[in-house]
Amino acid sequence: MSLIQWTSFPPLGDERGSLVALESGKTIPFLIERVYYLFGTVQGVSRGFHAHRHLQQVAVCVTGRCRMVLDDGEWREEVWLDSPTKGLLIGNMVWREMHDFTSDCVMLVLASQHYDETDYIRNYEDFLREVKNG
Ligand code: T46
């Protein structure tokens, strides 16, 4: 099964312009407990390099784009986030890296839990060990 799972956000709006609505239990498959966004990423800088033990997220680039790498400890896949109408589902125990941010990139992230640093695995070897040990 592919690590790349999208959720589509049907564009609403009218002749004045577009609009997307994100709703828990509809386009977002969990209760949204936190929303944050990445912006102003310095050119050439990569972000992420961690996994979450429990957190579920949906990431969407509302402007600009970046390249997302997902890794479940066995498979590694990458994809461009480049559309405000496509959200990438990022499950728990998936290593993520974000590269090649455009200068205008704003990545909106919807999360299933509040911020909790103890949920992060920030070392790749630790991540592989936890995957292996279930
Ligand atoms: C993820 C990718 C897509 C907080 O205090 N509260 C928060 O809600 C978040 C997300 C971060 N922080 C603090 C923790 C760090 O001191 O903000 C700082 C930067 O966070 P981090 O290094 O984790 O940022 P990224 O861009 O590497 O990763 C972020 C999310 O943290 C992460 O969950 O999946 O975006």
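Remember, it's 1-based here, ligands and their atoms both numbered in the order they're listed.
- Of all protein heavy atoms, the one closest to atom 33 (O) of ligand 1 is H52 NE2, 2.7 Å.
- Within 4.0 Å of atom 19 (C) of ligand 1, not a single protein heavy atom is present.
- Surrounding OH of Y37 are at most 12 heavy atoms belonging to other residues, nucleotides or ligands under 6.0 Å away.
- For atom 15 (C) of ligand 1, no protein heavy-atom neighbour is present inside the 4.0 Å cut-off.
- For atom 28 (O) of ligand 1, the nearest protein heavy atom (residue, atom name, distance) is H50 CE1, 3.3 Å.
- Ligand-side atoms of ligand 1 in range of R96: 1 (C), 34 (O), range being under 4.0 angstrom from any heavy atom.
- Looking at atom 8 (O) of ligand 1, its nearest protein heavy atom turns out to be R34 NH1, 2.5 Å.
- For ligand 1, the polar-atom distance check finds an N/O of R47 within less than 3.5 Å of one of the ligand's N/O atoms.
- Residue D119 holds its CG atom at 9.5 Å from NE2 of H50, rounded to the nearest 0.5 Å.
- Remark: T102 OG1 to Q43 CD distance equals 7.0 Å, nearest 0.5 Å.
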Next on the checklist: Pair E97, Y124 - check side-chain hydrogen bond (donor to acceptor under 3.5 Å, both in side chains), show working.
Outcome noted: CA-CA 11 Å; E97 300 172 6; Y124 189 68; over 6 Å; no
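- Distance check, rounded to the nearest 0.5 Å: CG of D72 to CG of L3 gives 4.5 Å.
- The heavy atom nearest to atom 31 (O) of ligand 1, out of those in Y120, Y36, F101, Y37, is found in Y120.
- By the 30° and 60° cut-offs, the orientation of the rings of W95 relative to F127 is tilted.
- Distances from atom 23 (O) of ligand 1 to the protein include at least one heavy-atom value under 4.0 Å.
- Using a distance-only test at 3.5 Å, with no hydrogens or angles considered, no donor-acceptor pair links the side chain of T7 to the main chain of I28.
- Distances below 4.0 Å separate heavy atoms of M98 from the following atoms of ligand 1: 2 (C), 3 (C), 35 (O).
- In terms of polar-atom proximity, defined here as any N/O pair under 3.5 Å, Y115 makes no such contact with ligand 1.
- With hydrogens and angles ignored, the 3.5 Å screen pairs no side-chain donor or acceptor of N92 with any backbone N or O of H52.
- Not one N or O on the side chain of S18 forms a donor-acceptor pair closer than 3.5 Å with the backbone of G13.
- Between L38 and ligand 1, a contact under 3.5 Å exists for no N or O pair.
- The contact set between ligand 1 and Q57, taken as ligand atoms under 4.0 Å from a residue heavy atom, comprises 1 (C), 33 (O), 34 (O).
- Atoms of ligand 1 found under 4.0 Å from any heavy atom of R122, numbered from 1 in the order shown, are 21 (P), 22 (O), 23 (O).
- In terms of protein heavy-atom proximity, atom 25 (P) of ligand 1 is nearest to G48 N, 4.0 Å.
- When the options H99, E77, R96, E78 are evaluated for a side chain to side chain contact (heavy atoms under 4.5 Å, CB included) with M68, the one that passes is R96.
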